[in-house]
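Here's the structure we're looking at; comments come further down.
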Amino acid sequence: MSVHVIYKKDGVKMMRPVLTREDYMALRDNTQQQRLVDRIRKGGDELKGGLVQMNYSCLPNEDGTLRGTKKMSDTVCMDIDHIKEEEMPRVAERILAKKDELGLLLLEKSARGHGYHVAFRRMAGLSQEENLQWASNLLGVPYDQGAKDITRVFFTTTGSSEDLLFLDDRLFEQGEFEMLESHDESESVSTFQRFSYKTKGQSQAKEGKDLSYQGIPFSQIIAKYWEMFNNGKVPTEGDRNVLTFELAMALRPICDYSLENLMAVVPNYWGGEADAAEYRRTLESALKEPRKGMPYRIRQVLKELKAERQVQATGGTLTMSPPIPKKLPPLIKLLTKNVPWFYKPAVASAVFPALGAHLHGVKFRYWDNVEHEATFMNVLIGRQSIGKGAVKKPIEYIMEDIRDRDAPNRQREAEWKQKNPGARQKKDPRPQDICIQMLIDDMTNAIFNQRIIDADRNGERFLYLQVDEIEALKNVTSRKTATDVGLLIRKAFDNAEAGQDRFGGDSVSGIARLRWNWNASTTPPNAQRFFNNMVNDGTVGRLDIATIIRDDDDEAPVIGIYDQQFAQDLRPYIDRLNAASGLIECQQAKKLALEMRKENAAAAALYESEAYRVFSYRANVIAWLKGMVLYVAHGYRWSKEIAEFVRWSQQYNLWCKMLYFGQQLEGELKKERQMQQQRGPQNLLDLLPEEFTREDYTLMRKQQGKEGNGNSTLRTWKSRGFIILDDVTGRYCKTEQYKNNKQ
């Protein structure tokens, strides 16, 4: 094992192996880590102790402690921070240019940002000090005499491309390495042979063997298993017999119940050759147990890993969104400058409904030649008391001019109502030039439809609404249902016609194109409940979704001051949006949108995610529209910063959708495909999901018009090895044998 994370137990430094890239990136990419790195680089050097610490040069003592260990790992890590800062970029270039000769596994910026940490393969036949001297000579940097202890720890930075410059997955290989020393004393130091890999206490995998299941490496499966069912800890003395037995029981169905396969993937947590027999006996004992189908634990692990894989298509992880660009377009930089970094992604997304509401009579032409208007419907999803209100102040300043224009119109409407009470038989005509864009969250369906008509005939303007909870959107519908809200969302995105026909003289009657931008907040459970029936009908795909993820709730966020200077800095951008008209095109934006579409198709195929593919279509449109709004707001100038923001915005929107709705859409699309295949005579087992209950089976038979209880068919499937029954859950599972026979 090449890399270990350091933690304290009873005040003593302990070492835990980092088994996978995913585990490693999760340690680097948590919000606490990012916050600390940012503050350290602003002068908070005393905060370094709070960073995640790693060791790349040694193995732990038998009791898992770090101090005093003499065991070297197969890698060496060195710190390069003792040369002039202006020379550092050239040093990084030399390191990457010599990565093969060096055996480079890791290159990262140091915590202060002025140096580098370099991990590389240990040279056989050389001591720790000699390895460091050799690497220093190769890279042309002075040797640091004070940094030769194998127990030295390194303060880890973030997972961003600016901090993590190079990472090779071989850093996470499990096992011990034998030294193969040169026998030719005349050979120069750089010709020493490196360590050769030998799996620790395990049989060598057959040549060409695929150590993965359904495309997921077993190393990831095992790491996730310990994370979910043992608090991230691997077995140690005292529990390794029972835990290894349980792991083998979980893995045996996806290892073809083969001892050879199990020994190729299950680590030997005893560690020495003397205990290899105990390791083997434990695996054999697991294989002798009666077979009961796919265990619940491994099903949960695979489900979690598949969900992670889908989210990874967006460039994020389950706990970390794609990082917002460091350099933002000036307008977005201004609108996000007063909030802490963990609010910036949410604010950068949430401001667009208000910005878009300033465009009227403006259309943009997409790469497929379909014309779109600046429609944005933003849902901010986050747990209670996390600070979702941080988006309100920037929006308030953006909408100030529209609010001021609405005020006299509200007054005129109030005066007309006063002169024409409901009981009056002959009413004066309502002024046709009244237009009120900003809506309140307590209105009737009739008022909403009147606002739609007014906005359309007075310059094709957008309505805007901000609500604290998504449920409040029901107020604009006649039946107060989420289903009707979904219909309005779909119409608004396409600027389709909406309205109502009423017979009574006092009733609001009329139809116009719906231009409706809005912001809403909610919690994850409420969001999933509200949109439960709208994930696969295009509604969720039309939304721009944002979220807030924090792990430092003890620290109260400090919000900057919004004042007259902020309003003055914002005004030129708003003026440009208000002045825009007609059809606006931008070739750079069109080209970027087409490139992203192709990239999305490749990512969907790579990660085998139909949900990602479906969500990506409109996410691309929404991100492109943001780019067009920024293009206009910046004086019809395209820039690298706008392009990078558009790319990030699409991936961030997709990440949020996959995080909260991805698994549901994936399941619904799968059922849809199965239903489409139900034409003509069908294999009954094909009509059932991978796992099914007796009730599922009975319902399927009823839908197919089959008579009887079907017990004989179930017995036949079991006897032929097509299904197995999990006694723990009472579910039937299709076997690999059945799937292979179908092929």
Between the main-chain N or O of A350 and the side-chain N or O of N519, is there a donor-acceptor pair closer than 3.5 Å? yes
Under a 4.0 Å threshold between the charged nitrogen and the carboxylate oxygen, would E108 count as salt-bridged to R28? yes
S349 side chain to N378 side chain, donor-acceptor N/O pair below 3.5 angstrom: no
Strictly below 4.0 Å, N to O, side chains only: are E595 and R647 in salt-bridge contact? yes
What one should report as the nearest heavy-atom pair of L27 and V52 is O-CG2, 3.6 Å
Determine which pairs satisfy salt bridge (charged side-chain N to carboxylate O under 4.0 Å, His left out) with at least one residue from residues 520-547, sequence neighbours left out, and list them in order. R490-D537, D494-R542, D544-K626
Strictly distance-based, threshold 3.5 Å: is any side-chain N or O of S649 a donor or acceptor partner for the main-chain N or O of F645? no
Residues Y660 and Q528: closest non-hydrogen pair is O-NE2, 3.0 Å
Please determine whether a side-chain nitrogen of the Lys or Arg among R597 and D368 lies less than 4.0 Å from a carboxylate oxygen of the Asp or Glu. no
Parallel, tilted or perpendicular for F566 and Y397, by the 30°/60° rule? perpendicular
Salt bridge E396-K393, side-chain N to carboxylate O under 4.0 Å: yes
D456/R515 ion pair, N-O < 4.0 Å: yes
Please check if the number of heavy atoms outside Q384 that lie under 6.0 Å from its CD is greater than 12. no
Supply the atom-to-atom distance Y652 OH to I324 CD1, rounded to the nearest 0.5 angstrom. 8.5 Å
If every non-hydrogen atom of A455 is compared with every non-hydrogen atom of C435, which pair is closest and at what distance? CA-SG, 3.9 Å
Does one side chain, of E666 or S609, offer a donor that lies under 3.5 Å from an acceptor on the other? yes
Whether the N495 and T375 side chains hold a donor-acceptor pair (N or O, under 3.5 Å, no angle test) is what I'd like checked. yes
Counting N and O atoms only, with roles assigned by atom type, does the side chain of D484 sit under 3.5 Å from a partner on the main chain of T477, one being a donor and the other an acceptor? no
Are D401 and H358 linked by a side-chain donor-acceptor pair shorter than 3.5 Å? yes
For K333, is there an ion pair with D569 - N to carboxylate O distance below 4.0 angstrom? no
Y617 side chain to N600 side chain, donor-acceptor N/O pair below 3.5 angstrom: no
Those residues at least two apart in sequence (or on a different chain) that pass ring pair (Phe, Tyr, Trp, His ring centres under 6.0 Å) with H634 are Y573
Looking only at heavy atoms, what is the nearest atom pair of F352 and N517, with distance? O-ND2, 4.4 Å
Check: N475 and F448 side chains under 4.5 Å, non-hydrogen atoms: no
Between K590 and E585, does any NZ, NE, NH1 or NH2 come within less than 4.0 Å of an OD or OE carboxylate oxygen? yes
